[in-house]
Amino acid sequence: KYLITKLPTGAKYALAGSVSEYNVENINKLGVNFFDLSSSLENKLGYKDHFKIKNFLKKINELKN
């Protein structure tokens, strides 16, 4: 399965690499407080896709409610 599911819960740490709107729920279960938004949120190398970022933040906010 995904490596992210094998990380310890309850620890305070940042997460970087393959962070996307598709794994927000797994990230939330880990209690991660800081994200390094990776290339999965880019539309081309070095350019973030505002739509992907907006969807990512929307999913995070949905989990808070």
Side-chain angles (χ1 to χ4, degrees):
K1 211 166 179 167
Y2 295 105
L3 182 59
I4 192 170
T5 60
K6 298 180 183 193
L7 293 173
T9 58
K12 292 187 179 185
Y13 53 88
L15 184 64
S18 298
V19 175
S20 76
E21 63 188 279
Y22 303 109
N23 57 13
V24 170
E25 289 185 31
N26 285 333
I27 293 168
N28 184 59
K29 291 176 188 175
L30 296 172
V32 174
N33 296 314
F34 176 81
F35 306 103
D36 176 4
L37 299 178
S38 65
S39 59
S40 63
L41 297 179
E42 295 178 348
N43 56 13
K44 66 179 184 174
L45 186 61
Y47 295 91
K48 297 295 183 230
D49 183 317
H50 293 252
F51 182 72
K52 289 180 181 181
I53 293 171
K54 185 176 178 177
N55 283 339
F56 180 80
L57 293 173
K58 179 181 174 188
K59 289 190 178 197
I60 289 174
N61 287 326
E62 287 172 356
L63 291 172
K64 290 181 179 182
N65 295 326

Next on the checklist: Around atom CD of E62, are there more than 12 heavy atoms from other residues, nucleotides or ligands closer than 6.0 Å?
Outcome noted: yes
Checklist entry - Taking only residues two or more places apart in sequence, or in another chain, which ones meet S39 in a side chain to side chain donor-acceptor pair (under 3.5 Å)? => result none
Item to check | Cluster overlap L63 with F56, hydrophobic side-chain contacts below 4.5 Å | outcome: yes
Item to check | Counterpart residues, side-chain contact (heavy atoms from CB on, under 4.5 Å), relative to K52 (two or more places apart) | outcome: E21, L41, D49
Checklist entry - Can you list the residues that meet the salt bridge (charged side-chain N to carboxylate O under 4.0 Å, His left out) rule with E42, with sequence neighbours excluded? => result K48
Checklist entry - Is it the case that one hydrophobic cluster holds both Y22 and I53, taking links as side-chain heavy atoms less than 4.5 Å apart, direct or via other members? => result no
